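These notes are about the structure you will find just below.
Note that these values count all heavy atoms, side chains included, but never hydrogens, waters or copies made by symmetry. Being a predicted model, the structure only gives us computed values, none of them experimental.
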Amino acid sequence: MKAAGNKITRIRTLRREIEDHNYHYHVLDEPKIADLVFDQLMTQLISLERDHPHLQTSDSPTQRVGGHPLSGFDEVVHAVPMLSLSNAFTDEQVRAFDRRCQEALEVTSITYLVEPKLDGLAVSLRYESGVLVRAATRGDGSRGEDVTQNVRTIRSIPLRLMGKRYPRVLEVRGEVYLPREGFNRLNDRQRLRNEKPYVNPRNAAAGSLRQLDAAITAQRPLEFFCHSLGMREGGSSRAGHSETLAQLQSWGLRTNPQNQVVQGIESCLFAYLRLLDARDKLPYEIDGVVYKVDDLGEQTRLGSIARAPRWALAHKFPAEEAVTFVRGIDIQVGRTGALTPVARLEPVFVGGVTVSNATLHNRDEIRRLDVCVGDQVVIRRAGDVIPELVSVVTRERPDNAVTFEFPQHCPACGADVIADEGGAIIRCSAGLICKAQLSESIKHFASRKAMDIEGLGSKLVKQLVDNNVINDVADLYQLDVNALEELDRMGNKSATNLIASIDRSRQTTLARFLFGLGIPHVGESTADRLALHFGSMDALSTADATEVERVPDVGPAISASIATFFAQNRHREVIQRLRDGGVEWALPSAQVARKSVLAGKTVVITGALKSMSRSEARQRLQDLGVRVTSSVSTNTTYLLAGTNPGAKLDKASALGVQVIDEEEFIKLMD
Ligand code: IVH
């Protein structure tokens, strides 16, 4: 009897511990223990429950894995209907809402709770005596489906409320959603299994929650935020919506940390802008914000119309997705020759702007999407990201839709194309002989983060290249006003301005120049680091791979790309002509130092010095661009040996490393 009692206590303790860890991990986002330790606790509980099936309860964390598949969902009648929200799309509609509330309440300013509007699906959770007894979807607002088994698998939903002061019956409402990361992982898996990917996180969340086999739901990383109270029986109620949410939170329910209480409608609009800005950085999708009159007494006085409360309003963000038609597919040839397909679209308003092109990335992506000219498609523009084609509405495909054949030749110059990087990227093989590649590389060279030649736009570059006025970037520095005036729509004033900005670009930095050269894999930050490390073009162009790979974040791929670039006579010649044309860069002080004979060398210091301490010597060497290391190896250039040099001297002699004394060292530094 005693043994059984112990088991019961152990099971209870384990359940409490596990749910507490679930709460810290999923609700507070602050795990207290390692996943492995959590798994061990879970394994213990599972085995205890297996040995004592009569001790099994529905609120045990072992019940979060899904039971027997259902044949269908039971219907649930909501005791209090699940309302929807009225929508607003403009600031004016929002202000009008506020005016209506003020008039009805006869007040001059209202306190609002501003919440993100999650793009998931609403569920209602019923707790009796603190235990989750039923979960239902919203359905039509009056009747939903019983999804208790599935909801139990969501770890941010407590199976048992925390604390003791919860009401006897509590119905909370909130949003079940799939975070972006979980959505992407799920879709990767769908593709891997040759199953259709979900169109968006909302559909994926709905599809995941409405699985008859809850074991499948258990594998989907669904999450939950609660946003309102359905009803309560017993317990005392609060004065404000925000206080109610705080109370729900104290019982272990997850509320959105982005929620904020504000005074007056202008503050609501400000909060809207703040969330619109944060939108892409949040780990889940939101499609707007919800303003709720915070005072519950005021909510009651305002009441509801039809299916939405008068005290709340959803202020929608501009939609990030829209449906339109593909009018054509063009190929763009990039600076490195990559052929990028672009869908020409029937213009459509999305993400706050009119979009008429969407990238199709590469040949494989066209195959994956199965997109034809004439198709109806879903396009997406999130934040400032280039619009993308998300999916094709295949069932709407017109009879005259045309399959796109990826070209075998460069559409700009006719050269053969070659596939690289695993076949995904198709490139024109002609290099800078191809006018499209040449134009793109000149545009890159002149761009703001490179040589920053103001006024040298796409159309002008195209004209210059097409008319053979320039054949490479070095030709830019041979241009004069007369040559430019020959071009279409180029007056004396613009020509003079352009020549002046070309002239200004002559004074540049090594980092900008390197970036402008467009060496594959050398982006802005790599160019910065290379410039700092080498200090000069000559040092970089003659460095071996080992030296190049000493630069932070530079690996074999980048060093190989740099070597290939400088191995080409044509590139070396263009660089020389650029310098002859007057392009130059000042050496920043850190780089001036590196001009010393010691720059880039590796030195080890051993023994005692007379004129300075070892750390002073180290500092002075480092200022000269020397790497000071502590142990002698074949990479060591010099061993600086003071008195009592010890074993390092022996090692240096054995390895044939040159040994210098203090006097020679001082001479070298000067
Ligand atoms: S409150 C009576 N708050 O939007 C008010 N709803 O269009 C009931 N939703 O069915 C909802 N985020 O699924 C509320 N912070 C939020 C919400 C939110 C998303 C959903 C909810 C509701 C739909 C109404």
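Glu19 and Asn22 are linked by a side-chain donor-acceptor pair at a separation below 3.5 angstrom, with hydrogens and angles left out of the test. Asp294 and Thr111 share no side-chain donor-acceptor pair at under 3.5 Å. Side-chain atoms of Asn150 and Arg210 form no donor-acceptor pair, as typed in the model, at a separation below 3.5 Å. Using modelled atom types, one finds a donor on one side chain and an acceptor on the other under 3.5 Å when comparing Gln63 with Gln56. Side-chain contact of Asp98 with Tyr291: a donor-acceptor pair under 3.5 Å is absent, judged by distance alone. At a cut-off of 3.5 Å, with distance as the only test, a side-chain donor of Glu49 or Thr62 sits close to an acceptor on the other residue. Checking Glu171 against His78 by side-chain atom types alone, no donor-acceptor pair falls below 3.5 Å. For the residue pair Arg10 and Gln44, a side-chain donor N or O sits within less than 3.5 Å of a side-chain acceptor on the partner. No side-chain donor from either of Thr108 and Gln102 sits under 3.5 Å from a side-chain acceptor of the other. Side-chain atoms of Glu223 and His26 form no donor-acceptor pair, as typed in the model, at a separation below 3.5 Å.
With respect to the salt-bridge test (charged N to carboxylate O, under 4.0 angstrom), the residues Arg381 and Glu320 do not qualify. Comment: Arg344 engages Asp330 in a salt bridge, judged by a side-chain N to carboxylate O separation of less than 4.0 angstrom. Using a 4.0 Å cut-off between charged nitrogen and carboxylate oxygen, Arg380 and Glu388 do not count as a salt-bridge pair. Checked for salt-bridge contact, Glu365 and Arg367 miss the test: no charged N lies under 4.0 Å from a carboxylate O. The pair Glu103-Arg100 does not count as a salt bridge, with every side-chain nitrogen at least 4.0 angstrom from each carboxylate oxygen. Taking a cutoff of 4.0 Å between a charged side-chain nitrogen and a carboxylate oxygen, Glu115 and Lys292 qualify as a salt bridge.
Counting only distance, with no hydrogens or angles, the side chain of Thr153 and the backbone of Gln149 share no donor-acceptor pair below 3.5 Å. Side-chain atoms of Arg202 come within 3.5 Å of backbone N or O of Gly120 as a donor-acceptor pair. Checked by atom type and distance alone, the side chain of Arg64 pairs as donor or acceptor with a backbone atom of Arg152 at under 3.5 Å. Although no hydrogens or angles enter the test, the distance criterion places no donor-acceptor pair under 3.5 Å between the side chain of Tyr25 and the main chain of Asp20. Put simply, the side chain of Thr148 gets close to the backbone of Ala135: a donor and an acceptor are under 3.5 Å apart. Remark: the backbone N or O of Pro347 is not paired with any side-chain donor or acceptor of Thr354 at under 3.5 angstrom. When atom types are taken as modelled, the side chain of Arg138 and the backbone of Met82 share a donor-acceptor pair closer than 3.5 angstrom. Side-chain atoms of Asp119 do not come within 3.5 Å of backbone N or O of Ile286 as any donor-acceptor pair. In this structure a side-chain-to-backbone donor-acceptor pair under 3.5 Å is missing from Arg238 to Ser242.
Within the model, atoms CG of Asn256 and CD of Gln249 stand 10.5 Å from one another, a figure rounded to the nearest 0.5 Å. Atom CG of residue Asp370 and atom OG of residue Ser391 lie 11.5 Å apart, to the nearest 0.5 angstrom. How far OG of Ser156 is from CG of Leu28: 11.0 Å, rounded to the nearest 0.5 Å. Atom CG of residue Asp364 and atom CD1 of residue Ile425 lie 10.0 Å apart, to the nearest 0.5 angstrom. Rounding to the nearest 0.5 angstrom, the gap separating the OG atom in Ser129 from the OH atom in Tyr166 is 7.0 Å. The line from CG of Leu178 to CD of Glu181 is 10.5 Å long, rounded to the nearest 0.5 Å.
Around CZ of Arg95, the count of heavy atoms belonging to other residues, nucleotides or ligands within 6.0 Å exceeds 12. Surrounding CD of Glu106 are at most 12 heavy atoms belonging to other residues, nucleotides or ligands under 6.0 Å away. Heavy-atom contacts from other residues, nucleotides or ligands closer than 6.0 Å to CZ of Phe406 number more than 12. More than 12 non-hydrogen atoms from other residues, nucleotides or ligands lie less than 6.0 angstrom from CZ of Arg274. Atom CZ of Phe270 sits in a sparse spot, with 12 or fewer heavy atoms from other residues, nucleotides or ligands closer than 6.0 Å. Under a cut-off of 6.0 angstrom, the local environment of CZ in Arg189 is crowded, with over 12 non-hydrogen atoms contributed by other residues, nucleotides or ligands.
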Practice task
Take Gln376 and Thr324 through the side chain to side chain donor-acceptor pair (under 3.5 Å) test and state the conclusion after the steps.
Solution key: CA-CA 6 Å; Gln376 192 175 7; Thr324 186; over 6 Å; no
Determine, stepwise, if the pair Lys32 / His21 fulfils side chain to side chain contact (heavy atoms under 4.5 Å, CB included).
CA-CA 7 Å; Lys32 285 206 297 192; His21 289 309; 3.9 Å; yes
Q.
Between Leu45 and Ser60, does the side chain to side chain contact (heavy atoms under 4.5 Å, CB included) criterion hold? Intermediate values first, please.
A. CA-CA 9 Å; Leu45 180 60; Ser60 169; 3.9 Å; yes
Exercise for review: Please report the C-alpha distance between Ile331 and Val342 in whole Å, then the side-chain angles of each, then the deciding distance to 0.1 Å, and finally whether the side chain to side chain contact (heavy atoms under 4.5 Å, CB included) criterion is met.
Suggested key: CA-CA 6 Å; Ile331 295 285; Val342 178; over 6 Å; no
Check against side chain to side chain contact (heavy atoms under 4.5 Å, CB included), Ile8 and Leu55 = CA-CA 7 Å; Ile8 297 177; Leu55 299 179; 3.9 Å; yes
Arg15/Thr57 under side chain to side chain donor-acceptor pair (under 3.5 Å): CA gap, chis, key distance, verdict: CA-CA 10 Å; Arg15 284 179 187 157; Thr57 58; 3.2 Å; yes
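At a threshold of 4.5 Å between non-hydrogen side-chain atoms, the residues Val293 and Cys101 count as touching. Side-chain contact between Leu345 and Phe325 is absent, with no heavy atoms from C-beta onward closer than 4.5 Å. The shortest distance between side-chain heavy atoms of Leu170 and Leu229 falls below 4.5 Å. Looking only at side-chain heavy atoms (C-beta outward), Tyr272 and Val94 stay at 4.5 Å or farther from each other.
Relative ring orientation between Trp311 and His241 is described as tilted, the plane-to-plane angle lying within the 30° to 60° band.
Residues Tyr284 and Phe183 keep their aromatic ring centres 6.0 Å or farther apart.
With a 6.0 Å cutoff to the six-membered ring centre and a 45° limit on the axis angle, Arg254 does not count as a cation-pi contact of Phe224.
Residue Thr137 forms a side-chain contact (heavy atoms from CB on, under 4.5 Å) with just one option from Val151, Val147, Val176, and that option is Val147.
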